[in-house]
Each structure stands twice: as C-alpha cells, then as structure tokens.
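To keep things clear, I will list the structure first and then write my remarks on it.
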Amino acid sequence: MKIKLSDRLSAVAEMVICGETVADIGTDHGYLPVYLIVEGMAPSVIATDRAKAPLAAARQLVELLSLNKKIDVRLGEGISVLLPGEAHTVCIAGMGGMTIRDILQASPNVTEATKRFVLQPQRNAAALRLWLVENGFAIVQEDLALDDGFYYEIIAVEHGSMQITEEEAEFGPILLKHKHPMLKDFLSLKHADLTRLLEGLEKQKSAEAIKRKEKLVAKIAKMEKVIQCL
C-alpha cells in the first residue's frame, strides 16, 4: 500500500536520519510511521500518542499492512514512553512551540540521548528556536511546507552549540541563509496579517494598545527589510 503524505509531513520525513529507528510523537493516524517503513527510510518506528482514539486508528492501519513487527504503537505522554537512546530521530509535529519545549524538558534523559529532533511547531516557532539554542541544540536543517493554504515551518536540531540573532529566531537562520523559495511568500502573508492587526488597533488609545502598536510597527519594519532582501 502506497502512503501519500501531506507536504507538511513529507518535509518532516525528509529530515529523519535514514536507516535508524524513528519515533513519531503525537502520531495521530500513523501515516508518517507507515510511510517511513514502506519507503525503506527506517528499519523500525515507534508511534506514540496520548489520545486513545487516534492511536487506535494508527494501530488498525499498522495491523492492516502487517507492519506490527516494524511499528511499535504506544499510548503515552510526550517522549516519556521512550527509553533513552531507543530512537535516533524523534519527530514532534503539529503541536505548539511551547508544548514541544515542555515535552523536551519533561524527559531530559530521553532528550539528551536522542541524536536528532525534527520539529514542526504550529505557532511560536521563534520562541522555540531561541529556547533550543539556549539549551544546547544547534539547528541543522529547516524547511517550509505549504498545505491547504497554510505555511508550516519544519526545524531539525541536534545537540551542539549555536548562536542566533532575534531576526534569525523569527525567520529561521537556515531559511534566511539559503533564501528558501517559499520564504518571501510566507513572510508576505505574515506581513499582511500583522498589518491588519495594526489597523485594528489604530483607534485604541490605551497605554497597552500604544505599546502593542509600537511593537507591531517595529516587527513589520523588520519583516519588510527581510522581504526586500529575498
């Protein structure tokens, strides 16, 4: 059976360490683990989720394809269901950036023993990047994916030392360095959202609103500067 992944999950799959065990945290229906096995990208995958219903769907798919010996389906919270070093790559996709941070913090023994994390934050990507580099990670790969009109940032990290600027945290150091072909459109869309937000604050005169407007103006100006360079 051929598994067709969304562009978002395809980008995640492209960043795993091929030929080694992968864990998919929050696997939902198990499409990514099955894809990795069927395509020969991983010899074994651990598929986890904290919710019983999607995990049951994942288990059903695994059994339907007779992949029980290669895909281990587990119920549990975050990476706490893994043994240290059990998976060489851990994928955490479709969660908020701060949720991803909390998952990594909650099981330090597993975090420290994992070679690579492939992360796809739904929001707060900048804050996640800053936390990662401040806590002993280096960003080794980045990508953008467009699915159903939404852009997604995919970040691969490994243990190491790295420094990034606020601009690199906001827009992605590797995305900026290589001028990712989607980056201009991605930032233009964000620019339009911020501009609409600023317009909605124009009539508000409270001290809090003024402070928020100042931050938005600065962020929009910074974004315009980056867009001009792409």
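Side-chain contact between Thr27 and Leu32 is absent, with no heavy atoms from C-beta onward closer than 4.5 Å. Between Glu142 and Ile154, every side-chain heavy-atom pair lies at or beyond the 4.5 Å cut-off. Considering only heavy atoms from C-beta on, Val16 stays 4.5 Å or farther from Arg116 through its side chain. Taking 4.5 Å as the limit, some side-chain heavy atom of Thr111 sits within range of a side-chain heavy atom of Ile79. Contact check for Leu128 versus Leu119: side-chain heavy atoms found under the 4.5 Å cut-off. Counting heavy atoms from C-beta outward, Val38 and Val34 have side chains that approach closer than 4.5 Å. Side-chain contact check for Leu104 versus Leu132: some heavy-atom pair is nearer than 4.5 Å. No side-chain heavy atom of Phe117 sits under 4.5 Å from any side-chain heavy atom of Thr89.
Summarising the geometry, atom CD belonging to Gln141 is positioned 11.0 Å from atom CG belonging to Leu175; distances are rounded to the nearest 0.5 Å. Annotation: the span from Ile92 atom CD1 to Thr48 atom OG1 amounts to 8.5 Å, rounded to 0.5 Å. Rounded to the nearest 0.5 angstrom, Leu176 CG and Leu230 CG are separated by 7.0 Å. Between Asp49 atom CG and Asp24 atom CG the span is 8.5 Å, to the nearest 0.5 Å. Atoms CD and OG, from Glu77 and Ser107 in turn, are 9.5 Å apart once rounded to the nearest 0.5 Å. Between the CD atom of Glu63 and the CG atom of Asn68 there is a distance of 5.5 Å, given to the nearest 0.5 Å.
Both Leu55 and Leu65 are part of a single hydrophobic cluster, where members link through side-chain heavy atoms under 4.5 Å apart. Hydrophobic clustering places Leu61 together with Leu9 (ILVMFWY residues linked when any side-chain heavy atoms are closer than 4.5 Å, directly or through intermediates). In the hydrophobic cluster analysis, where Ile, Leu, Val, Met, Phe, Trp and Tyr join through side-chain heavy atoms closer than 4.5 angstrom, Met15 is grouped apart from Ile100. Hydrophobic cluster membership differs between Val226 and Ile155, with clusters built from Ile, Leu, Val, Met, Phe, Trp and Tyr side chains linked at under 4.5 angstrom. A single hydrophobic cluster is seen to contain both Met95 and Leu130, as judged by linkage of ILVMFWY side chains at heavy-atom distances under 4.5 Å, directly or through other members.
Looking at Thr21 and Ser44, their side chains do bring a donor and an acceptor atom within 3.5 Å of each other.
The 12-atom threshold is not exceeded at CD of Gln60, counting heavy atoms of other residues, nucleotides or ligands nearer than 6.0 Å. More than 12 heavy atoms of other residues, nucleotides or ligands lie within 6.0 Å of CZ in Arg74, so this atom counts as buried by the packing criterion. Under a cut-off of 6.0 angstrom, the local environment of NZ in Lys70 is sparse, with at most 12 non-hydrogen atoms contributed by other residues, nucleotides or ligands. Counting non-hydrogen atoms of neighbouring residues, nucleotides and ligands closer than 6.0 angstrom, the NZ atom of Lys219 reaches no more than 12 such neighbours.
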Evaluate side-chain contact (heavy atoms from CB on, under 4.5 Å) for Lys4 paired with Tyr31, printing each intermediate quantity in order. CA-CA 8 Å; Lys4 176 80 169 91; Tyr31 297 134; over 6 Å; no
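The aromatic rings of Phe186 and Tyr151 sit tilted relative to each other, their planes meeting at an angle between 30° and 60°. Aromatic ring orientation, Phe150 versus Tyr152: tilted (interplanar angle from 30° to 60°).
Test Glu158, Glu20, His88 against Lys115 for side chain to side chain donor-acceptor pair (under 3.5 Å) and you get one pass: Glu20. Only one option out of Gln163, Glu168, Met162 pairs with Val133 in a side chain to side chain contact (heavy atoms under 4.5 Å, CB included); it is Met162.
Between Val90 and Ile25, the shortest heavy-atom distance links the atoms CG1-CG1, 3.6 Å. Closest approach of Gly78 to Ile103, counting heavy atoms only: CA-CG2, 4.0 Å. Annotation for Ile227 and His191: closest pair CD1-CB, 4.3 Å, computed over non-hydrogen atoms. For the pair Ala11 and Ala145, the tightest heavy-atom approach, listed with the atom from each and the gap, is CB-CB, 4.3 Å. Taking each heavy atom of Pro33 and Val45 in turn, the nearest pair found is CB-CG1, 3.5 Å. Shortest non-hydrogen contact noted between Leu5 and Ala13 is CD1-CB, 4.2 Å.
Judged by distance alone, with hydrogens and angles left aside, the side-chain atoms of Glu86 form a donor-acceptor pair with the main-chain N or O of Leu83 at under 3.5 Å. Counting only distance, with no hydrogens or angles, the side chain of Asp147 and the backbone of Asp7 share a donor-acceptor pair below 3.5 Å. Checked by atom type and distance alone, the side chain of Arg123 never pairs as donor or acceptor with a backbone atom of Gly97 at under 3.5 Å. His178 contributes no side-chain N or O that, together with a main-chain N or O of His180, makes up a donor-acceptor pair within less than 3.5 Å.
With respect to Glu153 and Arg129, a salt bridge is recorded, a charged nitrogen being found less than 4.0 Å from a carboxylate O.
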Mind listing the side-chain donor-acceptor pairs of residues 196-211 below 3.5 Å, one per line with the distance, residues two or more places apart or on another chain?
| residue | atom | partner | partner atom | Å |
| --- | --- | --- | --- | --- |
| Arg196 | NH2 | Asp193 | OD1 | 2.4 |
| Ser206 | OG | Ala209 | N | 3.1 |

